[in-house]
Amino acid sequence: MVRTSTYSEIFGETTLRYWVIKGNPYVNDWDSMLVPSTSGKWHTGRAPKEWFIGDRLFCWESTPALRMIGLAHLLQTDCGLDEEGDQLFQVEYLTTRFESMPGIAELRTVPILNTASFLKAGPATTVFPLSPEQADVLVRLLVARNPRLASVWDDLGLMSTYMIAPNVDDAGASLEGSKKWLAHFVRERNRSVVENKKANVLRKTGALACEICAFDFAQRFGSLGESFCEVHHRLPLAEADAPVATRLEDLAIVCSNCHRMLHRTSPALSVEGLKALLTERSNNALHPTCEDARA
């Protein structure tokens, strides 16, 4: 009998373990199953030798879809056997079905993921291990496609230097939209300070109006724009030589247009500088020069 290696022997000792669990779309009604805070029982013919309550689970939709579909965690490792002798285990679902579900072809293009066992052809089974690094990159990809997932496992997506980048086609090429993966260092943003800034401004002013042009997404788009704005670092993180402690006064509420304009120059324009530029242009429009009046 071939001995199966344990998770620790493959990936080393870790506090949490990560697994992909595969479900057949012909058997599983994903929309009724994937309801946050509800639980369900799964079965597997070959349970891991070591997994623990609280381990993190990525739900995968098997053939013919072959795509990542939801997140869960392990509630119980051993719930007895089903009528066919497979071991039952219980999970708690953390998400609904993803709006954007990356499939097998895309995941195989990611260098750190293309060695993961769940992407390889082989005997049908239910549970596949992921290393912490693979889980980290996978979460980063899922959040890039589904931003609402950012708060589910917010300690992941921080270790890796992998980011998704659009493919830059050769000059003169007409095909667009393909993707490639780049490995590089990125500046990490702390989402909590950004959300605190938005909450602070909402509490004080009742709106998230751009500090430069006063555009308010909620006023313009109604419920679709509620609680939406962009948050600008007055001192660009890209210019910092080391990690910085960001205070609320170091951030500015801006609209998308003004945010892009702030970063069109190097060094970036200040919030006050761009606001002064808009004021000057507005004044010139209200008070034309003699040459403008004669034209």
Side-chain angles (χ1 to χ4, degrees), residues 1-25 28 30 33-34 39-63 65-79 81-82 85-95 98 101-143 149 152-162 181 183:
M1 182 176 181
V2 179
R3 178 179 177 276
T4 304
S5 298
T6 65
Y7 190 103
S8 296
E9 289 172 331
I10 299 172
F11 300 124
E13 291 292 343
T14 63
T15 303
L16 284 172
R17 289 165 168 76
Y18 307 90
W19 312 87
V20 172
I21 55 174
K22 292 187 175 183
N24 188 327
N28 299 295
W30 291 109
M33 290 169 55
L34 288 169
S39 65
K41 288 185 179 179
W42 287 55
H43 62 88
T44 177
R46 189 170 61 219
K49 289 185 178 294
E50 49 174 354
W51 61 346
F52 302 99
I53 294 172
D55 278 2
R56 290 167 171 177
L57 309 174
F58 295 83
C59 301
W60 176 265
E61 188 174 17
S62 299
T63 304
L66 298 175
R67 59 190 179 184
M68 199 59 64
I69 196 169
L71 299 178
H73 69 240
L74 189 61
L75 276 183
Q76 190 172 343
T77 60
D78 189 353
C79 299
L81 303 178
D82 65 10
D86 288 342
Q87 182 175 325
L88 296 170
F89 61 95
Q90 188 171 19
V91 309
E92 180 181 15
Y93 302 107
L94 304 178
T95 68
F98 298 150
M101 298 171 279
I104 191 168
E106 178 181 357
L107 297 181
R108 281 177 171 170
T109 68
V110 184
I112 198 169
L113 289 178
N114 62 9
T115 59
S117 57
F118 80 96
L119 293 176
K120 296 179 180 178
T125 187
T126 305
V127 185
F128 298 79
L130 280 177
S131 72
E133 292 77 17
Q134 289 169 336
D136 185 85
V137 169
L138 186 51
V139 162
R140 192 178 283 275
L141 184 152
L142 292 172
V143 170
L149 301 179
V152 177
W153 292 330
D154 56 8
D155 57 314
L156 282 175
L158 300 178
M159 295 185 291
S160 82
T161 57
Y162 282 90
W181 280 77

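These values consider heavy atoms only, across backbone and side chains, with no hydrogens, waters or symmetry-generated copies.
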Asks: Measure the spacing between NE2 of His73 and CD1 of Ile53 and express it to the nearest 0.5 Å.
Replies: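 His73 atom NE2 to Ile53 atom CD1 measures 9.5 Å (nearest 0.5 Å).
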
Asks: Looking at side-chain heavy atoms only, is the closest gap between Val127 and Ile21 below 4.5 Å?
Replies: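 Counting from C-beta outward, Val127 and Ile21 do come under 4.5 Å.
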
Asks: What's the spacing between Leu138 CG and Asp136 CG if we round to 0.5 Å?
Replies: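 Leu138 atom CG to Asp136 atom CG measures 9.5 Å (nearest 0.5 Å).
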
Asks: Give the minimum heavy-atom separation between Glu61 and Pro25, together with the two atoms involved.
Replies: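 Taking Glu61 first and Pro25 second, the nearest heavy atoms are OE2-CB, 3.2 Å.
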
Asks: Any side-chain heavy atom of Leu71 within less than 4.5 Å of one from Phe58?
Replies: yes

Asks: How long is the straight-line distance from CZ of Arg17 back to OG of Ser131, given to the nearest 0.5 Å?
Replies: 13.0 Å

Asks: Roughly how far apart are Asp82 CG and His43 NE2, rounded to 0.5 Å?
Replies: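 If I round to the nearest 0.5 Å, the distance is 6.0 Å.
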
Asks: First locate atom CG of Asp86, then atom OG1 of Thr44, and finally report the distance between them rounded to the nearest 0.5 Å.
Replies: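 OG1 of Thr44 is found 7.0 Å from CG of Asp86.
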
Asks: Check Phe52 against Leu74 and note the closest heavy-atom contact, atom names and distance.
Replies: O-CD2, 3.3 Å

Asks: Locate the shortest heavy-atom distance separating Ala116 from Leu130; write the atom from each residue and the value.
Replies: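 Smallest interatomic distance, heavy atoms only, reads CB-CD2, 4.0 Å.
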
Asks: Can you list the residues that meet the side-chain contact (heavy atoms from CB on, under 4.5 Å) rule with Pro102, with sequence neighbours excluded?
Replies: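 Here the qualifying residues are Met68, Glu106, Leu107, Leu141, Leu142.
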
Asks: Short question: side chain of Gln87, backbone of Thr77 - any donor-acceptor pair under 3.5 Å?
Replies: yes

Asks: With sequence neighbours excluded, tell me which residues meet ring-ring contact (aromatic ring centres under 6.0 Å, His included) with Trp51.
Replies: Trp19, Phe89

Asks: I want to check a possible cation-pi pair here: Lys22 against Phe128, using under 6.0 Å from ring centre and within 45° of the ring axis as the test.
Replies: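 Geometry flag: set, cation within 6.0 Å and 45°.
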
Asks: Tell me if a side-chain donor or acceptor on Arg108 pairs with a main-chain N or O of Leu119 at a distance below 3.5 Å.
Replies: yes

Asks: Could you give the distance from CG (Leu113) to CD (Glu133), rounded to the nearest 0.5 Å?
Replies: 11.0 Å

Asks: Going by the angle between their ring planes, with limits at 30° and 60°, are Trp60 and Phe118 parallel, tilted or perpendicular?
Replies: perpendicular

Asks: Going by side-chain contact (heavy atoms from CB on, under 4.5 Å), name the residues that satisfy it together with Thr63, two or more places apart in sequence or in a different chain.
Replies: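 Per chain and number, Thr63 pairs via side-chain contact (heavy atoms from CB on, under 4.5 Å) with Leu66.
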
Asks: Sequence neighbours left out, what passes side-chain contact (heavy atoms from CB on, under 4.5 Å) with Asn24? Give chain and number order.
Replies: Tyr26, Val27, Asn28

Asks: Name all residues meeting the ring-ring contact (aromatic ring centres under 6.0 Å, His included) criterion together with Tyr93; count only those two or more places apart in sequence or in a different chain, and write none if there are none.
Replies: none

Asks: For the residue pair Phe98 and Leu34, establish whether any side-chain heavy-atom pair is separated by less than 4.5 Å.
Replies: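 No, side chains not in contact.
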
Asks: Excluding sequence neighbours, so at least two apart, what forms side-chain contact (heavy atoms from CB on, under 4.5 Å) with Gln76?
Replies: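 For Gln76 the side-chain contact (heavy atoms from CB on, under 4.5 Å) partners, ignoring immediate neighbours, are Cys79, Gln90.
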
